[in-house]
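Below, read A as the first sequence line, B as the second, and so on, with proteins coming before strands; counting in each chain starts at 1. These numbers were taken from a predicted model, which means no experiment stands behind them.
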2 protein chains.
Amino acid sequence: MSATRSCMVRQFQYYADLSEADIELLDSLEYSPEKLPPERVVWREGGSANELAVLSEGWACSYYTLEDGSRLILDIYLPGDVIGLREFATSEHLATVETITECTLCRFPHHHLTDIFAKSFRLTRVFFAVATTQQSILVERMINLGRRKASSRIAHFLCEMHARLGRMNEHMGNQFRLPLSQEMLADIMGLSSVHVSRTFSQLYDDHLVERSRHNIRIPDMDRLIEHAGFSNSYLGRQSIIRDRA
Amino acid sequence: MSATRSCMVRQFQYYADLSEADIELLDSLEYSPEKLPPERVVWREGGSANELAVLSEGWACSYYTLEDGSRLILDIYLPGDVIGLREFATSEHLATVETITECTLCRFPHHHLTDIFAKSFRLTRVFFAVATTQQSILVERMINLGRRKASSRIAHFLCEMHARLGRMNEHMGNQFRLPLSQEMLADIMGLSSVHVSRTFSQLYDDHLVERSRHNIRIPDMDRLIEHAGFSNSYLGRQSIIRDRA
DNA sequence: CGGCACCTTGAACTTTATCAACCCCGGTGG
DNA sequence: CCACCGGGGTTGATAAAGTTCAAGGTGCCG
């Protein structure tokens, strides 16, 4: 058992205990680490989709650009996340994937995933759990976009980030770094960057969020959760996958 | 090979050729058909999630109700759709599922799905494809909610329904039944029902959509697609899953 | 020290929501 | 067979939320 365990393994172990063989299988996906500078395109919308990637370090995102030039960011990827799962059923990339900070990522071809399906029943279920958790994250974001007002959208997004980051590093406390410009935040939340700025000021006035540059501090997590209508159950349940009987 | 083939099998065959054994395995999920009247709750948000369902006949939907009483409809389920895949990684239902029209549906426990993972490599991949296609549908709807104006949202939704219905029954032509009230349409698209009404009138004035009661006619599909910014590639690619080499 | 990217603020405007009245139509009971 | 009832759809007036444009500020990097 190696001392340095990949983020993906850590993330997957959240859903199930993994055997040594499973861990080796997973690790084998990260065989080709690639270092990328900030704002580098990983793959572009429309390109043919025969690979996935694991993000080992850094932040990345996927986005979709509309005819009129406006943009929506679909996912924020953190270390340990699998990128491109959604495009498994499609032969071309539906969205552009781009690094946000400096990143290390490992691409691997589509069929390595199906090889895993063939080799490990347990990992199959965990991959399924990961894919469906990604779906739940999208659903929460849909609710954000469809039915919440700006201040709740931002509050909800901050809660989500806090929860997802906290899952990877315990004792994170009530502050964290959020390396996103207000324009990116706007494109995540379907708002204009101007309105994001105003709304942040308003959250500050209400003592819900403090922020300096890219650091976020949350003075009272409970009040923020309340304001956001946040529930973390959608992020998946720990050790959900067990052997039956 | 039986003459009456279930909708789910038809839907799955879209992604891959299935062996007789696979078809039997799939059919075995639909062992407990249940007839439900319109507007009957299948399961409720918060209830413990240890089952999935296949919709054999009728229309159903899932929705999520916010603290303030507003609602967002997350999915519209058509015959052949699998309901509850998203909650595979979670131990409780995140959304309420309810019939829209009279429905026939077959519930089955969670572990029947994992049994299939153990028994059929090919079906595993198809289930994965189905789950990821559902994700892509959510993403398109996210873009709708986040970045399109009301008339494009409605146009896009109509395009999606047209495409999904057309996949199940060829020669559908340019009209179809849409058994949804304007209030439901509003909750799908994150608008108020009043605004849906106004927007429909506007689409009618622009000769993009005709509608009487629950029947929709689309005089010029290409113009509607154009107006919606619709691309059907997100609905998954036919026969994407093949044996390698 | 200067420049540039990003953030902030203000003012005018657009889109959508809300409220309320009305209408249309289908179903029911007299 | 007709009058009434009720739910959903439509319309208008007004309000709220968010966008756009433009100008100015702030802080970081060379």
Side-chain angles (χ1 to χ4, degrees), chain A residues 37-39 66 68-73 100-102 143-158 177-206 209-216 227-229, chain B residues 37-39 66-73 100-101 143-158 177-206 209-217 227 229:
Chain A
E39 293 171 59
L66 298 235
D68 67 356
S70 65
R71 180 174 89 139
L72 192 75
I73 293 179
I100 295 171
T101 64
E102 186 177 70
I143 294 165
N144 246 2
L145 294 169
R147 285 295 187 217
R148 280 198 256 259
K149 63 180 198 281
S151 73
S152 302
R153 286 187 207 185
I154 293 186
H156 192 279
F157 177 73
L158 294 176
R177 193 175 138 68
L178 187 77
L180 306 174
S181 69
Q182 306 215 335
E183 183 156 357
M184 299 190 74
L185 289 167
D187 286 341
I188 291 167
M189 281 171 295
L191 299 167
S192 67
S193 64
V194 174
H195 201 58
V196 167
S197 170
R198 286 194 227 276
T199 308
F200 258 116
S201 315
Q202 184 197 321
L203 286 171
Y204 178 75
D205 293 345
D206 297 345
V209 174
E210 290 165 22
R211 164 195 50 119
S212 67
R213 217 98 194 83
H214 287 154
N215 287 298
I216 300 287
H227 185 83
Chain B
E39 293 172 57
L66 298 236
E67 320 74 51
D68 68 355
S70 65
R71 180 175 90 139
L72 192 76
I73 293 178
I100 296 170
T101 64
I143 294 164
N144 245 3
L145 294 169
R147 285 295 187 217
R148 280 197 255 260
K149 63 179 198 280
S151 73
S152 303
R153 286 187 208 185
I154 293 185
H156 192 279
F157 178 73
L158 294 176
R177 194 176 138 70
L178 186 78
L180 307 173
S181 70
Q182 305 214 335
E183 183 155 357
M184 298 190 76
L185 289 167
D187 287 341
I188 291 167
M189 280 170 295
L191 299 167
S192 67
S193 63
V194 174
H195 201 60
V196 167
S197 170
R198 286 194 226 276
T199 307
F200 257 115
S201 315
Q202 185 197 320
L203 287 171
Y204 178 75
D205 293 345
D206 297 346
V209 174
E210 290 164 23
R211 164 195 50 120
S212 67
R213 221 101 193 80
H214 286 154
N215 288 299
I216 301 287
R217 205 179 81 81
H227 185 84

Heavy atoms from other residues, nucleotides or ligands near CD of B:Glu183 exceed 12 (cutoff 6.0 Å): no

Flag if over 12 foreign heavy atoms under 6.0 Å of CD, B:Glu67: yes

Residue [X], side-chain heavy atoms: nucleotide from [options] that is nearest:
{"X": "B:His214", "options": "C:dA17, D:dG9, C:dT9", "answer": "D:dG9"}
{"X": "A:Gln182", "options": "C:dC7, C:dA20, C:dA17", "answer": "C:dC7"}
{"X": "A:Val194", "options": "C:dG10, D:dG18, D:dT11", "answer": "C:dG10"}
{"X": "B:His195", "options": "D:dG18, D:dC28, C:dA17", "answer": "C:dA17"}

Sugar-phosphate only, base, or nothing, as touched by A:Ser192 at under 4.0 Å among non-hydrogen atoms: base

Sugar-phosphate only, base, or nothing, as touched by A:Arg211 at under 4.0 Å among non-hydrogen atoms: sugar-phosphate

Residue whose nearest DNA chain C nucleotide is more 5′ - A:Ser193 or B:Val196: A:Ser193

A:Arg147 with B:Asp187: basic N within carboxylate O range, under 4.0 Å: yes

Look up atom [atom1] in [X] and atom [atom2] in [Y], then write down how far apart they are to the nearest 0.5 Å.
{"X": "A:Met189", "Y": "A:Ile154", "atom1": "CE", "atom2": "CD1", "answer": "4.5 Å"}
{"X": "A:Arg198", "Y": "A:Ser192", "atom1": "CZ", "atom2": "OG", "answer": "7.5 Å"}
{"X": "B:Ile188", "Y": "B:Gln182", "atom1": "CD1", "atom2": "CD", "answer": "11.5 Å"}

Donor-acceptor pair under 3.5 Å, B:Arg153 side chain vs C:dT16 base: no

Polar pair under 3.5 Å, donor/acceptor by atom type, side chain B:Arg198, base D:dG12: yes

For atom [atom1] of [X] and atom [atom2] of [N], their distance in whole Å:
{"X": "B:Asn215", "N": "D:dG9", "atom1": "CG", "atom2": "P", "value": "14 Å"}
{"X": "A:Glu39", "N": "C:dA5", "atom1": "CD", "atom2": "C1'", "value": "11 Å"}
{"X": "B:Phe200", "N": "D:dT10", "atom1": "CZ", "atom2": "P", "value": "9 Å"}
{"X": "B:Arg148", "N": "D:dT19", "atom1": "CZ", "atom2": "P", "value": "17 Å"}
{"X": "B:Asp68", "N": "C:dA17", "atom1": "CG", "atom2": "P", "value": "13 Å"}
{"X": "A:Ile216", "N": "C:dC7", "atom1": "CD1", "atom2": "C1'", "value": "14 Å"}
{"X": "A:Gln202", "N": "D:dA16", "atom1": "CD", "atom2": "P", "value": "15 Å"}
{"X": "A:Leu191", "N": "D:dT20", "atom1": "CG", "atom2": "C1'", "value": "14 Å"}

Residue list, side-chain contact (heavy atoms from CB on, under 4.5 Å) with A:Ala228, at least two apart or on another chain: A:Ala155, A:His156, A:Cys159, A:Phe230

Short side-chain N/O contact from A:Ser197 to OP1 or OP2 of C:dT8, under 4.0 Å: yes

Residue closer to the 5' end of DNA chain D, B:Glu183 versus A:Ala150 (nearest nucleotide): B:Glu183

Angle by which the axis turns from one end of the helix from C:dC1-D:dG30 to C:dG30-D:dC1 to the other, five pairs per end, to 10 degrees: 30°

Among B:Ile73, B:Leu178, B:Leu191, B:Leu158, side-chain contact (heavy atoms from CB on, under 4.5 Å) partner for B:Leu185: B:Leu178

